[in-house]
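First up is the structure itself, then whatever we jot down about it.
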2 protein chains.
Amino acid sequence: ARPRQLEVADYYQGIMQGDRGILARAITLVESNHPKHAVMAQALLQELLPHTGGAMRVGITGVPGAGKSTFIESLGCRLCERGHKVAVLAVDPSSTVTRGSILGDKTRMEQLTRQPNAFIRPSPSGGTLGGVARKSRETMLLCEAAGYDIILVETVGVGQSEVTVRSMVDFFLLVVLTGAGDELQGMKKGVMELADLIAVNKADGDNRLRALAARADYERILHYIRPATEGWRTQSVTCSAMTGDGIDALWATVESFFAQVRASGAFATRRQNQVLAWMRSMVEEHLYRSFFDHPAVTACLPRIEQEVASGTLVTTRAVQELLSAYEGANSSKA
Amino acid sequence: ARPRQLEVADYYQGIMQGDRGILARAITLVESNHPKHAVMAQALLQELLPHTGGAMRVGITGVPGAGKSTFIESLGCRLCERGHKVAVLAVDPSSTVTRGSILGDKTRMEQLTRQPNAFIRPSPSGGTLGGVARKSRETMLLCEAAGYDIILVETVGVGQSEVTVRSMVDFFLLVVLTGAGDELQGMKKGVMELADLIAVNKADGDNRLRALAARADYERILHYIRPATEGWRTQSVTCSAMTGDGIDALWATVESFFAQVRASGAFATRRQNQVLAWMRSMVEEHLYRSFFDHPAVTACLPRIEQEVASGTLVTTRAVQELLSAYEGANSSKA
């Protein structure tokens, strides 16, 4: 039988009781592009808001092949065994194209999936990165209200996705492999500057010495990079998601980070700045879309762009023409 | 006697004749924030537009103490002696505060100032970087119409100024000193990734060997950085602005860059993309200012921001409130 339609109060109650089925359906509500669902989702989030914000929000990225999934599974299982409730989310703006390139295949995290205290949710297929990011942020709030005290947000190195995830988490972890030089070359520029910790994975067996050497390389490079978090020195560790070596020590580093930034106030400041920046970027995105999708603008934009590009129209004047077209249409509408 | 007021036609004629006094006054017109001047400036630029775009636009930045001024003077004098007409502009968004920290003190480029084929203009004091950038771009067009075939745009490492200058030039040069490692640490992140060429300056006397070593360091680092221009490998050279050593070779590299990107079409593509991106960013700036300076928004923004920051108002709902306030006020106005 198809489950009955839920009201906002049903969602609220289910989530507050930690009901995973209801949580999953609430996330679907938040991810929906239907206007009626959006209204319900906002009402629900507004009610849940006092119960959110309590989790450690940890972003995780890494070069392809670095073993992010195995790493998350290994870390997630340990955290569950210690009594944490762990939600694993993903932000992958390419997932509409690739049909869930990360976390889509749940079999990849078989052990973690079996943990009663773990909740795994693949990336919303939201189209734009802005859309995916909005849905992921709101999903994070739902998970926090449902009692998850650690949120791991996985992302792939696509477009701006790391910057987006960095802007929604407290701590950002970069998983890499041995051979810092070669690997850095393939790594997206600027990713190291987002990281609070670099984990050289696969430090096991024959690879252990190379991993230690890679770590030394990273430490050297980190000298020349401004830390991502004020008052915290970005550092590197080695670990093996396969054997579990170094995972506990890694998490101890994460915990010392949280202790430190909570004490210094950097934690609260970052959270506030994040939510305000998010609000502004949503406003800006709306303004931008309202303008460039407006019929009065789309009607003249191609001609104006062509004239500007070919050097027959001065830019400042082109801007005036576009703004007049937009504002004229808007005032005549009213 | 105070010079008589000029009409657009007077400016046009003076500039087309290469009259430096009129050019200087036209730049003042472009830099003015007075609405009447803005109308005249736009009319003038529109008329001059067919005569612009012919110059090699070269951005120059460097760490403090790298000797940018001496370098520009040395390079500028050589170019003038070869028959070029060289305009030296500056983009310094801090100049309102520091009262012209770069190029303000003309005595710093005494020799170049005496060259009849050189035109030196300090940074406009425009307040915002956007304002400074708009004025500098338009000044560049005026100089091109006046026959200057090389535009050197100097900038300091303040805020986003390098990114802004990169977005208005064809070629970007980074002037550095010996000791790549230490220096990189002090250098703003991401600057190397904007550069088409890195010049290790002060490669003279006792310092020559260290400069060669620094160059080798930079070459190694450049391996891991994506080039700023498609199809051009970012490279490094040594030079001495004081003795003149390496300056000719450096310019030969710049010329080979231009030959290559003109032939490949990358030059034309970049110019088109630059002017279209500039147009869009001006539109965006206008939209954001209209919104965030609107009385209906400023009236409720502090309260909403406070509620969002303290976690009592959901972000998506806050955005809706702000947009309703703005759109309500706008439609009732009409």
Side-chain angles (χ1 to χ4, degrees), chain A residues 38 41-43 45-46 48-50 52-53 134 137-138 141 181 184-185 187 189-190 193 221 223-226 271-273 275-276 278-280 282-288 290-292 297 304-305 308-320 322-323 326-327 330-334, chain B residues 38 41-43 45-46 48-50 52-53 134 137-138 141 181 184-185 187-190 193 221 223-226 271-273 275-276 278-280 282-284 286-288 290-292 297 304-305 308-320 322-323 326-327 330-334:
Chain A
Q42 290 320 307
L45 284 164
Q46 184 62 46
L48 291 172
L49 202 56
T52 64
R134 199 261 306 154
R137 279 176 192 271
E138 293 179 351
L141 297 178
L184 269 177
Q185 204 159 8
M187 211 157 84
K189 291 184 306 178
E193 292 154 7
I221 298 165
H223 257 314
Y224 302 117
I225 291 179
R226 191 169 52 189
R271 283 261 176 118
Q272 286 200 359
N273 290 342
V275 74
L276 290 177
W278 179 33
M279 188 185 82
R280 282 192 177 246
M282 283 176 78
V283 169
E284 288 175 0
E285 205 185 313
H286 175 89
L287 295 175
Y288 189 83
S290 303
F291 184 88
F292 284 106
V297 173
I304 289 178
E305 284 193 328
V308 166
S310 66
T312 57
L313 179 62
V314 164
T315 315
T316 313
R317 196 175 265 195
V319 171
Q320 282 165 0
L322 285 170
L323 292 172
Y326 180 65
E327 281 154 13
N330 266 1
S331 67
S332 69
K333 188 185 68 183
Chain B
Q42 291 319 308
L45 284 163
Q46 184 64 46
L48 291 173
L49 203 56
T52 65
R134 199 262 306 155
R137 279 177 192 273
E138 294 179 350
L141 298 179
L184 269 176
Q185 203 158 8
M187 210 158 82
K188 246 190 63 202
K189 290 184 307 180
E193 293 154 6
I221 298 165
H223 257 316
Y224 302 117
I225 290 179
R226 191 169 50 188
R271 284 260 176 119
Q272 286 200 358
N273 289 341
V275 74
L276 290 177
W278 178 33
M279 188 185 82
R280 282 192 178 246
M282 281 175 80
V283 169
E284 286 171 32
H286 176 88
L287 294 176
Y288 300 160
S290 305
F291 183 89
F292 286 107
V297 173
I304 290 179
E305 283 193 330
V308 166
S310 66
T312 57
L313 179 63
V314 164
T315 315
T316 312
R317 195 173 267 198
V319 171
Q320 281 165 1
L322 285 170
L323 292 172
Y326 179 66
E327 281 154 13
N330 267 1
S331 66
S332 70
K333 186 187 68 182

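Computed over heavy atoms, backbone and side chain alike; hydrogens, waters and symmetry mates excluded. Per chain, numbering begins at 1; letters A, B, ... match sequence-line order.
For B:Q46 against A:L313, the heavy-atom pair with the smallest separation is OE1-CD1, 3.7 Å. Contact detail for A:Q320 and B:Q42: the closest heavy-atom pair is NE2-CG, 4.5 Å. Between A:L49 and B:V314, the closest heavy-atom pair is CD2-N, 3.4 Å.
For A:T312, the part lying near chain B is the backbone, with the side chain staying farther off; criterion is any non-hydrogen pair under 4.5 Å. Looking at A:R134, only its side chain comes within 4.5 Å of chain B, counting heavy atoms on both sides. In this structure, chain B has heavy atoms under 4.5 Å from both the backbone and the side chain of A:L287. Both the backbone and the side chain of B:A43 come within contact range of chain A, each with at least one heavy atom under 4.5 Å from a heavy atom of that chain.
For the set A:L276, A:L45, A:L322, the count of heavy-atom pairs under 4.5 angstrom toward chain B peaks at A:L276. The candidate from B:A309, B:A41, B:A318 with the greatest count of non-hydrogen atom pairs under 4.5 Å with chain A is B:A309.
Annotation: cation-pi geometry not satisfied between B:R280 and A:Y288 (NZ/CZ under 6.0 angstrom from ring centroid, within 45° of ring axis).
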Could you walk me through whether B:M279 and A:I304 pass the side chain to side chain contact (heavy atoms under 4.5 Å, CB included) test, one step at a time?
CA-CA 10 Å; B:M279 188 185 82; A:I304 289 178; 4.0 Å; yes

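Side-chain contact between A:H286 and B:V319 is absent, with no heavy atoms from C-beta onward closer than 4.5 Å. For the pair B:W278/A:V308, no side-chain contact is recorded, criterion being any heavy-atom separation below 4.5 Å from C-beta on.
Within the model, atoms OG1 of A:T316 and CG of B:L141 stand 8.5 Å from one another, a figure rounded to the nearest 0.5 Å.
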